[in-house]
Amino acid sequence: MEVIIISSENIKPSSPTDDHLKTFKLSSLDRYRPSEYIPLILFYTPDPTDTNFDSISDRLKKSLSETLTRFHPIAGRIRDNNTWVECNDEGVEYIETRVNGKVSDFTMTSKLLHQLVPVHKNLPTEVPAVIQVNFFDGGGVAITVCISHKIGDTCTYATFINSWAATARGAPADLVACPSFDSQSLFPIPEPDTDSDWRGYGSSDEEENDNLVTKRLVFDGEKVSALRERIGDMLTTLKYPTRVEAVSALIWKSAMEAVRATSPGPAGDMEPEQVSEMNIVVNVRKKMDPPLADSSFGNIFSMATAKASSSSGGVYLDDLVGQIRVAIGRIDGDHVKRMQNDEDSDDEEEGYDHDHDDDNDCWLMSWCNFPLYDIDFGFGKPDWVTTDAMEVLDENDIYLMDTRIGKGVEAWIKLKKEKMDLFLNNQELLEFAAIFD
């Protein structure tokens, strides 16, 4: 499979950034984010009668330029120990390729996705964004957007790409999202700041472990409904688990059981109790007083830590759902106020562990319920939205995303090989999930 670069250029804002907007300060929450890129890949199959790639290219570049006037930090450069962005209109790195292959070749396996992503570990960390548009033989487009985690979270991703797409398809102005830049005033970096260069967990300069395996699990809508019903029947509350709660609990339980199987206790003795943590990314925009809009730009989230223990007697799905709910429930208005006072920014409260090597802990990020499958550049909605999980995930990471059809969930997980082998043979997991490479 050959991916050939046919052009590379900087797309600059269509209008210069005003002088009073030239400096964009990052927030105290941004400083904890790693200087790495999380690629979002959107696959499209345009109308077979519209195979004029030049026309599509012109539309995408023109609309991107217009969009960057609203999202001016993305067209700038990160400066001075990752504390501010110089909004100098240098532009977004924009690459176009021709792919000697069909869209279906890439959507069937994750191993080829890497070729559609323009950035990996060698991109200068001061560049906020890189975009690669891939044109396939016989029609089809994959648009890959890579925004530095230093300046934005999933909400920021979704707002930017939806705004770009709305501009590209000629949507009315009132339907084109505009960002609000209030994060730095709500979460200012304290003075003097000594921690602004801390890169956070999953830093992109870590060496990759050859013993790690990444897999994609797909829970279709009917399976998710059945799983929710099974767990709901065990819960003592009237509230059934959400699909994210249900899938997260099942993956967590299966991973815990795999760890226990790979580290049994001494022969003849009672197996010791093992404690596991699930660290969960929680968007706090709606937990602010007053609540922030989804269009608020930046990293506006916290980490919730759910804890559970397992023994030879096992662990139960309803208990795990309960622990997840309790942990997320702690991320409330009072928690956000402490964040604003920089009281919850230490490693333990933020959920970070510099070592990040406990086999029994996992890290969960959910992209479910973000409007990623509504992103229409003028040639229809995407057939598949995914990421280059082979590169993005660190050990024990879990990413959840929506499926295109129904209320299903697609999960990416990276584990050590011996742990993954046991994880993938968990019969309860296989009852609800289909496994893909």
Side-chain angles (χ1 to χ4, degrees), residues 27 29-30 33 36-44 60 63-64 66-75 92 117 119 128-133 141-169 171 173-183 242-244 280-288 291-302 364-389 392 398-404 407-412:
S27 75
L29 303 184
D30 296 325
R33 307 289 75 83
E36 66 179 6
Y37 302 84
I38 301 178
L40 192 66
I41 311 172
L42 304 103
F43 287 88
Y44 296 89
L60 291 176
S63 57
L64 176 59
E66 295 172 6
T67 303
L68 290 174
T69 63
R70 300 186 292 274
F71 292 81
H72 52 277
I74 293 180
V92 168
V117 177
V119 297
V130 183
I131 293 170
Q132 181 167 311
V133 178
V141 181
I143 300 175
T144 304
V145 180
C146 304
I147 297 177
S148 172
H149 202 351
K150 183 60 68 177
I151 67 168
D153 58 13
T154 308
C155 228
T156 298
Y157 255 72
T159 301
F160 171 72
I161 303 174
N162 268 293
S163 182
W164 175 21
T167 302
R169 69 174 182 271
D174 60 341
L175 296 181
V176 179
C178 292
S180 57
F181 300 103
D182 41 21
S183 177
T242 66
R243 59 198 180 105
V244 171
I280 308 162
V281 175
V282 180
N283 181 2
V284 299
R285 287 170 174 80
K286 300 307 182 187
K287 299 178 184 294
M288 303 285 293
L292 296 180
D294 288 338
S295 58
S296 291
F297 189 94
N299 291 285
I300 310 177
F301 67 88
S302 187
L364 176 73
M365 175 184 286
S366 174
W367 289 2
C368 292
N369 300 313
F370 285 97
L372 302 179
Y373 276 97
D374 293 332
I375 299 174
D376 180 358
F377 287 91
F379 37 80
K381 295 182 178 181
D383 298 310
W384 188 31
V385 180
T386 190
T387 186
D388 180 15
V392 170
I398 303 163
Y399 272 32
L400 302 183
M401 308 183 78
D402 292 319
T403 55
R404 183 173 66 89
K407 293 292 185 179
V409 175
E410 179 177 294
W412 293 90

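These numbers come from the heavy atoms of this one structure, side chains and all, not from hydrogens, waters or symmetry mates.
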Hey, what do you get for CZ (Phe297) to OG (Ser27), rounding to the nearest 0.5 Å?
10.5 Å

Closest heavy-atom pair, Pro39 versus Thr387, reported as atoms and distance to 0.1 Å, is O-OG1, 2.6 Å

Which heavy-atom pair separates Arg70 from Val176 by the least distance, and what is that distance?
NH2-CG1, 3.3 Å

So which atom in Pro371 and which in Ile375 form the shortest heavy-atom distance, rounded to 0.1 Å?
O-CG1, 3.7 Å

Anything under 30° is parallel, anything over 60° is perpendicular, the rest tilted; go ahead and classify Trp164 against Phe377.
perpendicular

Counting N and O atoms only, with roles assigned by atom type, does the side chain of Ser163 sit under 3.5 Å from a partner on the main chain of Thr159, one being a donor and the other an acceptor?
no

About how many Å separate OG1 of Thr144 and CG of Leu42, when rounded to the nearest 0.5 Å?
8.0 Å

Donor-acceptor pair, side chain of Tyr373 and main chain of Thr403, under 3.5 angstrom:
no

Between Arg404 and Val385, is there a side-chain heavy-atom distance shorter than 4.5 Å?
no

Between Phe370 and Ala158, the two heavy atoms sitting closest are CD2-CB, 4.3 Å

side-chain contact (heavy atoms from CB on, under 4.5 Å), paired with Leu372, selected from Thr386, Leu40, Asp402, Ile161
Leu40

Please verify the inter-ring angle class for Trp384 with Phe43; under 30° counts as parallel, over 60° as perpendicular, anything in between as tilted.
parallel

Can you name the nearest heavy-atom pair linking Ile143 to Phe379, along with the distance?
CD1-CZ, 4.2 Å

What orientation do Phe71 and Phe160 show, parallel under 30°, tilted 30 to 60°, or perpendicular over 60°?
perpendicular

Walk me through whether Asp153 and Arg285 qualify under side-chain contact (heavy atoms from CB on, under 4.5 Å).
CA-CA 11 Å; Asp153 58 13; Arg285 287 170 174 80; 3.0 Å; yes

Got a salt bridge between Lys381 and Asp374, using NZ or NE/NH1/NH2 to carboxylate O under 4.0 Å?
yes

Can you tell me how far NZ of Lys150 sits from CG of Asn299, rounded to the nearest 0.5 angstrom?
8.5 Å

Could you give the distance from OG (Ser295) to CG (Asn162), rounded to the nearest 0.5 Å?
11.5 Å

Heavy-atom pair with the smallest gap, counting every atom of Val92 and Ala129
CG1-O, 3.8 Å

Spacing of OG belonging to Ser183 relative to CD1 belonging to Ile300, to within rounding of 0.5 Å:
4.5 Å

When you look at Tyr157 and Ile38, which way does the side-chain contact (heavy atoms from CB on, under 4.5 Å) test go after all the steps?
CA-CA 10 Å; Tyr157 255 72; Ile38 301 178; 4.0 Å; yes

Would you compute the distance between atom OG1 of Thr156 and atom CD1 of Ile147 and round it to the nearest 0.5 angstrom?
7.5 Å

Please assess Phe301 against Met365 for the test side-chain contact (heavy atoms from CB on, under 4.5 Å), listing each intermediate value before the final yes or no.
CA-CA 11 Å; Phe301 67 88; Met365 175 184 286; 5.9 Å; no

